[in-house]
Amino acid sequence: MTVESTAARDEARRSSGKRTTAKTPAKSAKPTAAKKTAAKPAAKTAARKTARASAKASGGADQPQLVQLLTPEGERVEHPEYSIDLTADELRGLYRDMVLTRRFDAEATSLQRQGELGLWASLLGQEAAQIGSGRALRDDDYVFPTYREHGVAWCRGVDPSNLLGMFRGVNNGGWDPNTNNFHLYTIVIGSQALHATGYAMGVAKDGADSAVIAYFGDGASSQGDVAEAFTFSAVYNAPVVFFCQNNQWAISEPTEKQSRVPIYQRAQGYGFPGVRVDGNDVLACLAVTRAALAHARSGQGPMLVEAFTYRMGAHTTSDDPTRYRTDDERAAWEAKDPILRLRTYLEKQGLADEEFFAALETESEELGLTVREKIRTMPDPDTMAIFENAYADGHALVDEERAQFAEYLATFADSAHQEGN
């Protein structure tokens with residue numbers, strides 16, 4: 001079509017629109033327009049919700065293919081770029097890791113509901129992403145977690161009860177990061193990506209062949225700290241793996257309101273590779289993370305892994321997910337349960353029998369009882385310790401505040417004494 005014909009067509013449309021407007025009475029048009037306006041948003045909203053739930057459940061018709069080695073039905077499949085060959089013992093070990101991690105997480109949630117913890121961030125549904133990536137690490141690799149990496153902590157040998165101290169308010173972490181090469185939990189969203197990058201730059205300068213991994217969620221991917229970490233890691237070729245657990249919801253904000261492209265594709269803009277893996281497939285998570293860590297260790301720089309998974313529970317125990325997501329959406333993801341699919345595979349292949357599952361169930365219950373006992377007997381901190389180490393040589397203002405606080409605490413002791421009498 002020529003420019004002239006296009007201009008003539010547009011003029012004809014404008015003229016037609018003017019004539020129609022002039023002939024249509026304003027009063028008769030308003031009710032019809034109002035009804036249409038009211039109906040369209042409601043229909044569009046319903047359609048969007050249905051499409052979003054369907055897309056999330058399937059990965060989306062227009063979404064990239066996930067790296068997957070174990071289907072939701074428990075069928076083993078191959079991938080041209082990522083493969084893994086595990087023994088029966090190793091497969092049973094991964095299953096055990098996920099079951100015990102889920103049991104610990106459930107116990108912690110119950111403890112919070114009973115007033116033993118101030119808050120808890122559940123990992124329910126994300127066991128495969130954490131155990132798979134956690135078991136891909138070498139002892140000399142270093143981990144920078146957020147506050148939900150209970151499965152990774154398990155893989156690094158951190159006592160589960162130590163994870164609860166901060167949420168009970170009795171310590172600032174509960175373990176020595178250098179003992180397990182597992183840093184303290186990070187509450188500030190996204191900041192650990194910068195810490196990991198800086199540490200990885202140091203590793204490279206030291207000439208070590210170890211790697212660093214930073215965990216964060218889809219919500220944290222919107223933070224400036226993560227963008228800065230991507231920039232520095234790429235420029236300095238830092239041996240760091242960024243592991244994003246995309247659990248679909250940053251509290252109540254869905255992923256599509258944070259990113260117009262799949263999260264793993266962001267790596268391209270910074271000059272390093274990214275890959276999306278089925279976050280409910282422990283075998284795929286293990287294989288992809290192993291490859292990413294090898295990539296980093298070999299001097300090829302950073303890599304981004306997006307584990308496409310789902311948060312089955314609340315963001316934290318202060319959250320109510322029923323206010324912003326549907327039961328159908330959760331049900332669709334329950335069918336992809338990471339523990340169930342591996343159990344199905346073990347049973348189909350005859351790699352585990354009922355004796356194994358029964359023994360694991362007993363071990364699981366014992367873990368829950370142990371954690372409960374430890375948290376209830378965890379000593380309270382020294383209430384005056386907060387004033388220590390504020391200044392190396394002390395400070396008059398701190399001394400004054402210490403005295404005021406001690407006087408305040410004494411009022412509680414006096415009240416308790418009076419009630420006892």
Side-chain angles (χ1 to χ4, degrees), residues 44-45 47-68 121 123 125-126 128-130 133 144-149 186 188-194 196-197 213-234 240-281 284-285 288-289 292 302-312 314-315 319 321 324-326 329-330 332-333 336:
K44 286 182 178 179
T45 300
R48 285 196 200 102
K49 286 184 177 180
T50 301
R52 186 170 67 195
S54 176
K56 284 186 176 183
S58 63
D62 59 343
Q63 295 295 318
Q65 293 294 316
L66 304 179
V67 175
Q68 186 179 83
L123 59 61
Q126 298 178 221
Q130 295 193 15
S133 61
F144 286 85
T146 61
Y147 47 80
R148 201 188 301 275
E149 274 67 59
T186 306
V188 178
I189 306 300
S191 64
Q192 70 278 4
L194 282 173
T197 298
I213 187 168
Y215 288 87
F216 57 91
D218 49 295
S221 70
S222 298
Q223 295 292 325
D225 285 0
V226 174
E228 292 169 6
F230 285 1
T231 297
F232 271 83
S233 65
V240 58
V241 173
F242 297 105
F243 194 93
C244 176
Q245 293 178 82
N246 180 1
N247 63 19
Q248 311 299 307
W249 292 94
I251 308 183
S252 58
E253 201 74 359
T255 308
E256 60 262 31
K257 288 191 176 182
Q258 300 180 69
S259 180
R260 297 187 67 177
V261 299
I263 292 174
Y264 82 95
Q265 290 185 1
R266 295 186 187 181
Q268 297 177 16
Y270 295 88
F272 57 88
V275 59
R276 175 181 272 193
V277 61
D278 183 345
N280 285 24
D281 177 357
C285 288
V288 168
T289 309
M303 186 167 174
L304 172 61
V305 177
E306 178 193 356
F308 195 75
T309 181
Y310 191 75
R311 167 169 55 81
M312 298 298 294
H315 174 71
D319 172 43
Y324 55 81
R325 64 186 192 189
T326 66
E329 180 178 306
R330 178 185 168 114
W333 279 92
K336 301 180 181 183

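This is a predicted model, so every value here is computed, not measured. In what follows, residues are counted from 1 in the order of the sequence shown. The analysis underlying the following values was restricted to heavy atoms, covering all of them including side chains, and did not include hydrogens, waters or symmetry mates.
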Which donor-acceptor pairs under 3.5 Å do side chains of residues 266-273 form with protein atoms, sequence neighbours excluded?
unit_1: Arg266; atom_1: NH1; unit_2: Ser221; atom_2: O; d: 2.7
unit_1: Arg266; atom_1: NH1; unit_2: Ser221; atom_2: OG; d: 3.4
unit_1: Arg266; atom_1: NH2; unit_2: Gln258; atom_2: O; d: 3.4
unit_1: Arg266; atom_1: NH2; unit_2: Ser259; atom_2: OG; d: 3.3

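Looking at Thr309 and Asn280, their side chains do bring a donor and an acceptor atom within 3.5 Å of each other.
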Please assess Glu306 against Asn246 for the test side chain to side chain donor-acceptor pair (under 3.5 Å), listing each intermediate value before the final yes or no.
CA-CA 6 Å; Glu306 178 193 356; Asn246 180 1; 2.8 Å; yes
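Put simply, the side chain of Gln248 never gets that close to the backbone of Arg311: no donor and acceptor are under 3.5 Å apart. Side-chain N or O atoms of Thr146 include none that pairs as donor or acceptor with a backbone N or O of Phe216 at under 3.5 Å.
Under the salt bridge (Lys or Arg N to Asp or Glu O under 4.0 Å) criterion, Arg148 pairs with no residue at all, not counting sequence neighbours.
Between Tyr147 and His315, the ring planes are perpendicular. Angles over 60° get that label, and only those under 30° would be called parallel.
Between Glu329 atom CD and Thr326 atom OG1 the span is 5.0 Å, to the nearest 0.5 Å.
Residues Val277 and Tyr264 are not in side-chain contact: their nearest non-hydrogen atoms beyond the backbone lie 4.5 Å or more apart. Counting heavy atoms from C-beta on, the side chains of Phe230 and Val240 never come closer than 4.5 Å. The closest side-chain heavy-atom distance from Phe243 to Val288 is not below 4.5 Å.
The two residues Ala220 and Val226 come nearest to each other via the heavy atoms O-CG2, 3.1 Å.
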